[in-house]
Structure formats: C-alpha cells, structure tokens
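First the structure, in the form of structure tokens, and then the observations on it.
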2 protein chains.
Amino acid sequence: MSERFSFDLHASDGKARTGVIHTPRGGVRTPAFMPVGTAATVKAMMPESVRATGADILLGNTYHLMLRPTAERIDRLGGLHRFMNWDRPILTDSGGFQVMSLAGLRKLTEKGVTFKSHIDGSKHELTPERSMEIQRLLGSDIVMCFDECPALPADRDRIAESMRLSMRWAERSREAFGDRPGHALFGIMQGGLEQDLREESAQALRSVGFDGYAVGGLAVGEGQAAMFDCLDYAPGFLPEDKPRYLMGVGKPDDIVGAVKRGIDMMDCVLPSRSGRTGQVFTRHGVLNIKNARHMDDPRPLDEACTCPACRNYSRAYLHHVFRSQEIISSMLLTWHNLHYFQEIMQGMREAIAGGTFEAWEAAFHAGRAQGDIEPL
Amino acid sequence: MSERFSFDLHASDGKARTGVIHTPRGGVRTPAFMPVGTAATVKAMMPESVRATGADILLGNTYHLMLRPTAERIDRLGGLHRFMNWDRPILTDSGGFQVMSLAGLRKLTEKGVTFKSHIDGSKHELTPERSMEIQRLLGSDIVMCFDECPALPADRDRIAESMRLSMRWAERSREAFGDRPGHALFGIMQGGLEQDLREESAQALRSVGFDGYAVGGLAVGEGQAAMFDCLDYAPGFLPEDKPRYLMGVGKPDDIVGAVKRGIDMMDCVLPSRSGRTGQVFTRHGVLNIKNARHMDDPRPLDEACTCPACRNYSRAYLHHVFRSQEIISSMLLTWHNLHYFQEIMQGMREAIAGGTFEAWEAAFHAGRAQGDIEPL
C-alpha cells in the first residue's frame with residue numbers, strides 16, 4: 001500500500017504493457033478494465049461481487065453524482081467510497097462528456113458549460129474549477145481534467161477549436177486541482193482523427209504535466225478501424241512512464257486492439273448494460289439469452305467460465321428469468337459479462353508478462369471466430 | 001439427513017411450538033418463515049443470499065411455473081432445485097389460490113378449474129390430479145393439496161360448499177400423490193371464519209391422513225383480529241404431531257400472533273415485495289426509504305441488524321439508490337427484510353425452547369411501539 005500515486009511498468013510485449021498503478025487505496029493491475037458505477041452503483045451488482053470479478057478500480061460519473069445525490073451530500077456522508085461501500089480506487093470522469101450527451105439546453109463558453117439536469121430540469125454549471133471541486137468532494141482517487149469533445153465525424157476546424165479549448169481547460173484543471181498527495185490528475189488528449197492535432201494536444205498536456213494521460217474523443221462514432229488507426233500513433237505522443245487511459249472503450253476486440261497499441265486502462269458500460277438487455281459475451285463471441293434456442297438448453301453460457309452464472313445455472317434458466325423480467329437475470333448476466341471482461345484483462349496481463357501476447361491475441365480471435373456452441 | 005419426511009417437536013411454550021421438519025434435502029427449523037420464489041427466483045436475491053438470511057425452505061408457485069417455463073421443461077432440466085440452484089427443501093402451492101387471483105376466464109367444476117394464462121392468454125386446466133403431477137415434475141419436497149378458497153367476506157353457504165369441494169379434492173390429491181418416500185403431502189383446512197366448518201374440514205382431512213396440515217382461507221381480507229379469532233381454535237382441530245402451515249401470512253405481528261397460536265410454518269411475499277417498493281421492516285416498526293428524512297442520514301436502517309444493507313450502507317445511500325431506481329436498492333432492501341423476518345423466527349424458536357415466549361413477545365411489541373429512530 002503506497003501513500004503516493006505512482007505507476008510501475010513491469011513488462012512490455014510489442015507496444016502492449018503491463019504494470020501496476022499504486023494508490024493509497026490499493027493497486028490497479030494494468031492493463032485494467034474499469035466497470036462503470038454511474039450513480040454510485042455498478043448496476044445490478046453488489047460491490048463485493050464486482051471485486052470478485054477481478055476489478056481493481058471503478059469509474060464514477062461526475063455528471064450523475066453532482067445532480068443526485070450531489071457531491072456536497074456525498075462529502076458530508078464521508079465520500080464516495082464509503083457511500084457506495086467500495087474501498088478500492090475510484091476514477092471519476094469530469095462530467096464534460098456526459099453533459100454533452102445527456103443534459104438539456106447546453107451553453108458552452110470559454111468559462112465552461114451551463115445546462116439543465118436530465119432528471120429534474122434544474123440549471124447547473126460545470127467549469128474546470130467546479131469539476132475539480134466536485135471530484136475532490138467525491139474523494140476520487142484519479143481525477144479527470146474537464147474537457148469538451150465533439151462527436152465524430154466533425155470538421156477539422158471544429159475539432160481543432162474544441163481541442164484547444166480543452167487544453168486551456170486542462171491548464172485550469174491542473175491549477176484548480178492543486179497538490180493532493182495520493183490523488184492523481186489525468187490530462188485528456190483530444191484532436192479527433194487528425195494526427196497533427198493529437199500531437200499538438202499531447203504536447204500541450206505534457207507541458208502542463210499530469211499523473212496520467214487519457215486518449216479522449218474516440219469511440220464516439222468513428223468505427224473500430226478509424227479508432228485503431230488513431231491508436232497506432234496517439235499513445236506514442238504520451239509519456240512512456242505514465243498510465244494511458246482510453247475512455248469509454250469498449251467491445252472485447254476493441255479492448256484487445258487498444259492494449260496491443262499501448263493502452264493501460266479502459267472503462268465501458270457495455271458489460272453491465274448488456275447484462276440487463278440479455279447480451280452475453282463469451283470466449284466464443286456474443287449470444288443473446290432471449291433467443292428461443294436457449295429455452296431447453298441445460299448447458300452453461302460457457303462451460304469454462306467460473307462465474308456464478310456459469311457454475312450454477314443453465315442457459316434454460318437464464319432464458320427463463322430474462323423472459324420473466326426477473327431481477328436475477330440482470331444480476332447473473334452482468335456478473336458473467338464483467339467476469340469475462342476481467343478474464344480478458346488477466347489473460348492479457350499474463351501474456352504480456354510472458355512475452356506471448358501475439359499468441360494470446362491469435363487464440364482470442366480464433367475463439368471468437370468459432371461462434372457460440374451449436375444448439376442441442 | 002433423513003431419507004424420510006418427519007416432524008420432531010422439541011418444545012412448546014403455551015400453544016407455541018418449536019421443532020424440526022426432517023426431509024432428505026435438509027431440516028426445516030420451526031416455526032419457519034418461507035420466502036416466496038414465485039418464478040424460480042426469490043426476486044432480487046441470489047439463492048445463496050436467501051440461505052444466508054437463515055431460510056431453510058422456499059416456496060415455489062405451481063401456477064406461475066406451469067405457465068412459464070412449464071413443469072415438463074423444469075423436469076427435463078433436472079427439477080426445480082437444480083433449475084434455480086437451491087438444494088434445500090422447497091414447498092410448492094397447488095396453483096388453486098393463484099388461479100383464482102391471477103388468471104382470466106376461470107371456470108370451476110367438480111373436476112377442477114379451466115382458465116386463461118395471465119401471460120399469453122393460453123388455455124389451461126388444473127385438477128387435483130394435474131396439480132399433483134405438476135408438483136411431482138417440479139420435484140417439490142412438500143406438495144400442497146389442490147383446493148379452492150373464497151375471498152372473505154363470503155356467505156356461509158358459499159364457504160361451506162367451497163370447503164366441501166376442497167375436501168373432495170383433498171381426497172383426490174391424496175390418491176393421485178400416491179406413495180413418494182421423502183416427499184410430503186399437506187392437506188389444507190378451509191371453512192372461513194366458521195368454527196364448525198373448520199372442525200368439519202379438519203375431520204375430513206384427518207380421516208384421509210396427511211404429512212402436514214395447512215390452515216387455508218385466511219389472510220384473504222378478513223383482518224388481523226378475525227384471523228386471530230380463527231387461529232384461537234383452528235390449529236387445535238389438527239393433529240399435534242404434524243406441522244401446521246398458515247398460508248400467505250404475513251406482517252411481522254401476524255407471524256408472531258400465529259406462532260403464539262400454534263402455527264409452525266408460514267410464507268409471504270411481503271418482505272421481498274416490500275423490498276422493491278422501499279418499505280423496510282425493523283425492530284422498531286416500518287419505515288419507507290423513499291421518505292426525504294433519510295436523504296442525509298448516515299445511520300443504518302437498524303444499527304443492531306447484521307444484514308449487508310445495515311452493515312455496509314447508510315439510509316442516505318439506500319434512499320439515493322431507491323430514488324435513482326437502481327437495482328441494488330431492491331437487492332439490499334429485500335435482503336434486509338428477509339433477514340429481519342428470519343431473525344424474528346430465530347428469536348421465537350429460542351424463546352419457545354427456553355420457555356420465555358411471553359417475554360420475547362412483549363419485547364417484540366415494545367420495540368415496534370417505539371417507532372423508527374428520530375430524524376437527525
């Protein structure tokens with residue numbers, strides 16, 4: 001247990017890296033996948049179950065928490081960790097991205113953004129300074145700079161203008177964050193799919209200096225090929241010795257492709273959201289439990305999986321409780337999906353440490369190409 | 001672990017009794033509260049969590065399971081225990097009561113009842129013989145006779161006629177059940193609030209002979225005082241040496257009053273359903289977590305409770321996740337309520353064994369009279 005925030009790289013294999021982020025609340029093994037606990041809960045999961053899947057760190061959403069129950073209330077109650085019963089590291093986003101995707105009546109200025117709550121229509125303001133304050137009140141271990149991010153495709157001028165605004169906000173975030181031993185502030189690189197803008201953004205962030213660096217503005221509609229093209233160069237603009245975080249990614253093959261290109265951390269709602277809609281990820285690809293083919297199937301989702309859904313239940317049961325809209329359906333499928341995502345991360349960490357990432361990746365893709373088991 | 005079904009009475013205190021029902025799937029400590037697992041799940045709970053609350057036995061609903069996923073399918077999949085991952089005893093109701101309360105286009109004859117499914121409108125028939133077959137296919141440890149039950153108030157002729165039909169069905173149920181070592185068949189006494197009809201019903205059941213006896217037709221709108229009046233005499237008409245089961249009861253004070261009057265087993269959806277609507281039962285009565293008074297309250301629901309909701313979360317958190325319609329709200333509140341109900345049962349079992357039931361009951365009522373803790 002470190003009292004400072006630090007990052008130790010243990011091994012690399014090609015561009016892929018493995019290591020540990022040390023925080024006073026425990027280590028984060030990288031590459032790391034962070035389940036999303038939007039409103040102070042990873043939906044349908046107890047925090048001890050999230051931990052049992054292998055998660056070292058959660059993501060919390062500033063936008064949701066500032067609106068309900070409010071950052072000030074969480075602070076009075078002892079901080080987000082205590083509030084939601086998760087004593088390991090928490091990373092919080094800055095609220096910027098979700099204001100743009102969820103809030104109403106947004107108004108963007110140099111100072112920040114004003115908007116109306118999607119919950120009750122109340123008016124709010126987020127600025128770099130306020131975002132830093134909220135994330136401090138929440139007690140976040142890894143704080144993200146306040147930024148702005150255009151959906152892709154967008155024209156180059158819009159992307160450049162937005163990136164430069166985000167870089168000015170990054171400086172203000174750094175200033176407002178101050179010196180908080182044991183807590184980290186991450187900068188967020190922007191620049192869309194424009195290599196020179198990505199480089200300019202990285203330079204701006206490096207000249208300020210952060211504890212880690214995110215690649216922002218991807219997974220916003222550009223498609224996997226374009227994202228990978230960008231990831232072929234973007235991580236290289238960032239410091240070797242700091243964690244690199246790809247925000248909002250992704251599907252299993254997105255995650256593997258990102259790690260291959262030098263990414264250390266990711267987050268996504270996909271495994272938990274899919275758990276509630278019946279979409280299941282396994283070594284053999286994707287299946288949908290609501291499909292009638294599972295109705296009489298006594299086999300588990302994946303016979304090799306050690307999660308409770310696979311150890312204790314048939315596809316027939318999971319189909320039944322999904323069709324019956326029973327809560328246990330969301331509980332079991334979310335658990336399975338999170339378990340599978342963490343298993344991918346563990347597999348990659350071991351492969352990178354052993355210098356066998358290429359073989360691991362080939363096996364990963366071969367398993368998916370097989371497709372789901374044949375119906376009985 | 002017994003290979004036969006049997007009931008050992010260990011102690012009594014006044015009319016209250018404590019003992020153990022032995023089954024090949026494990027013992028059931030009495031007085032026992034059975035959580036309801038309607039559609040092969042106790043809503044919002046993992047079965048291992050239900051067990052952790054102290055439950056020895058679950059109730060499954062024949063009506064729901066025959067419609068979806070069907071008894072034949074559950075049989076092909078290895079039975080209800082394996083299907084829902086609960087290896088301890090299961091009691092199933094006969095389907096009769098729920099056909100009357102949930103199904104459409106019911107037609108009642110001497111033979112049985114035809115009805116339309118509330119799920120998809122398909123037509124079905126339940127008879128004593130079919131109910132026995134379904135409960136056998138499910139693999140139920142304690143099977144209930146198929147019966148009919150009028151809502152109260154009802155006139156005496158209707159109650160008498162219905163009771164006598166149920167007694168003829170009880171004979172047919174006994175005949176159809178046959179000899180199934182390790183499995184029990186319970187008769188159901190009817191007769192509304194008419195003492196002589198209750199006695200006639202009990203005599204009819206005793207002359208057939210069952211492994212246990214339920215008091216049916218209560219908790220159907222008559223109110224607690226009328227129910228207790230009936231329970232002052234009805235259990236006395238039943239054999240001393242067999243378990244007595246009061247169906248569909250109830251609130252904590254209903255349960256305590258029933259045990260005081262000689263009841264050994266009960267079931268009710270109240271703790272689990274209330275968990276989903278925010279109603280919480282504690283030693284100090286009832287509270288509703290959606291009330292704004294809990295919004296800033298750092299205290300647990302009950303500081304003396306050892307359930308996960310009380311050990312790990314504030315009222316403020318539980319209020320927040322309830323208001324945010326997060327699934328963990330149902331998970332935690334259901335767990336708490338089931339834990340509290342089982343704690344009442346454990347308290348009564350110990351008090352009866354120690355000959356201190358009266359003092360226990362006085363303390364139970366005194367705690368409730370206090371009401372919830374004062375707002376901060």
Side-chain angles (χ1 to χ4, degrees), chain A residues 37-50 64-65 67-70 72-74 76-78 80 82-87 119-120 272 275-276 294-299 308-309 311-321 323-332 334-335 376, chain B residues 37-50 64-65 67-70 72-74 76-78 80 82-87 119-120 272 275-276 294-299 308-309 311-321 323-332 334-335 376:
Chain A
T38 299
T41 167
V42 176
K43 291 183 196 301
M45 294 286 285
M46 297 283 223
E48 52 270 39
S49 307
V50 177
H64 290 83
L65 295 171
L67 297 179
R68 186 170 59 190
T70 77
E72 281 71 14
R73 178 166 286 117
I74 288 178
R76 285 196 300 274
L77 290 161
L80 182 56
R82 181 164 162 194
F83 187 61
M84 70 183 292
N85 189 35
W86 173 265
D87 63 4
I119 297 171
D120 63 5
S272 40
R276 301 193 301 284
H294 305 299
M295 192 180 282
D296 284 294
D297 198 328
R299 297 171 298 179
R311 277 202 324 268
N312 301 326
Y313 299 94
S314 60
R315 291 176 177 222
Y317 181 79
L318 297 170
H319 173 85
H320 164 68
V321 288
R323 285 282 181 110
S324 303
Q325 300 181 281
E326 290 288 347
I327 290 173
I328 200 172
S329 173
S330 296
M331 294 163 67
L332 289 171
T334 300
W335 194 322
L376 287 178
Chain B
T38 299
T41 167
V42 176
K43 291 183 197 300
M45 294 286 284
M46 297 284 224
E48 52 270 39
S49 307
V50 176
H64 290 83
L65 295 171
L67 297 180
R68 187 171 60 191
T70 77
E72 281 71 14
R73 178 166 286 118
I74 288 178
R76 285 197 300 275
L77 291 161
L80 183 56
R82 181 163 162 194
F83 187 61
M84 70 184 292
N85 189 34
W86 173 266
D87 62 5
I119 298 172
D120 63 5
S272 40
R276 301 194 301 285
H294 305 298
M295 192 181 281
D296 284 293
D297 198 328
R299 297 171 297 178
R311 276 202 324 269
N312 301 325
Y313 299 94
S314 60
R315 291 176 177 222
Y317 181 78
L318 297 169
H319 173 85
H320 164 67
V321 288
R323 285 282 181 111
S324 303
Q325 300 182 280
E326 290 288 348
I327 291 173
I328 200 172
S329 173
S330 296
M331 294 163 67
L332 289 171
T334 300
W335 195 322
L376 288 177

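Remark: A:Asp296 pairs with B:Arg73, B:Arg76 by the side chain to side chain donor-acceptor pair (under 3.5 Å) rule, at least two apart or across chains. Every residue two or more places apart in sequence or in another chain was checked for a side chain to side chain donor-acceptor pair (under 3.5 Å) with A:Glu48, and none qualifies.
Using a 4.5 Å cut-off between heavy atoms, B:Ser324 touches chain A through backbone and side chain atoms alike. With a 4.5 angstrom heavy-atom cutoff, B:Leu332 touches chain A only via side-chain atoms. Heavy atoms of A:Trp335 lying under 4.5 Å from chain B belong exclusively to its side chain. With a threshold of 4.5 angstrom between heavy atoms, A:Tyr313 approaches chain B through side-chain atoms but not through N, CA, C or O. Both the backbone and the side chain of A:Thr41 come within less than 4.5 Å of a heavy atom of chain B. Residue B:Met45 touches chain A through its backbone alone, counting heavy-atom pairs closer than 4.5 Å.
Of the possible polar contacts, one joining the B:Tyr317 side chain to the A:Ala40 backbone as a donor-acceptor pair under 3.5 Å is found.
Ranking B:Ile328, B:Ile327, B:Asn85 against chain A, the residue ahead of the rest is B:Asn85, based on heavy-atom pairs under 4.5 Å.
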Which is it for A:Arg276 and A:Ser272 under the side-chain contact (heavy atoms from CB on, under 4.5 Å) test, yes or no, and what are the steps along the way? CA-CA 7 Å; A:Arg276 301 193 301 284; A:Ser272 40; 4.2 Å; yes

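Looking at heavy atoms from C-beta onward, A:Arg299 lies in side-chain contact with A:Leu376 at the 4.5 angstrom threshold. Counting only heavy atoms from C-beta outward, the side chains of B:Thr334 and B:Ser49 never approach each other to under 4.5 Å.
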